[in-house]
Amino acid sequence: MVLQPGCRAGPAVCGHAVHHARAGELLPRADEQPAWTDDDFRLSAEGAADLAENAIINRDSTTAEFEAWWTVQKPPRLAKPCSTATCMGHVGRPVS
């Protein structure tokens, strides 16, 4: 990794931090907030199980929604294997 002058290695700002900043505000500087500890990067066994279960639920619901979408397209789209055009037709459509 190549660092610019004045930068130091360390954890990058995650996407959650960006969501908490208001438009026009800068994120807090690293030296202006508490440092992370090892506990911030460790999941409990229960937390890991919840995360795995949530991933399965999200995958299954996303797959079901995609299958419902491609079957009603005119002409119907082939979902497996999914072409780039079919994928982008689904992902790029306006959310309603």
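Throughout, numbering of the chain's residues begins at 1 and tracks the sequence.
- Here the straight-line distance linking atom CD of E46 with atom CG of D50 works out to 5.5 Å at 0.5 Å rounding.
- Summarising the geometry of F66 relative to H90, their closest heavy-atom pair is CD1-CG, 3.4 Å, with the distance given to 0.1 Å.
- For the pair N58 (side chain) and A55 (backbone), a donor-acceptor distance under 3.5 Å is absent.
- Under the 3.5 Å distance criterion, the side-chain polar atoms of R77 are matched with a main-chain donor or acceptor of A85.
- Between P76 and T71, the shortest heavy-atom distance links the atoms CB-O, 4.2 Å.
- No side-chain heavy atom of W70 sits under 4.5 Å from any side-chain heavy atom of C82.
- Note that CG of L51 is 10.0 Å distant from CD1 of I56, once rounded to the nearest 0.5 Å.
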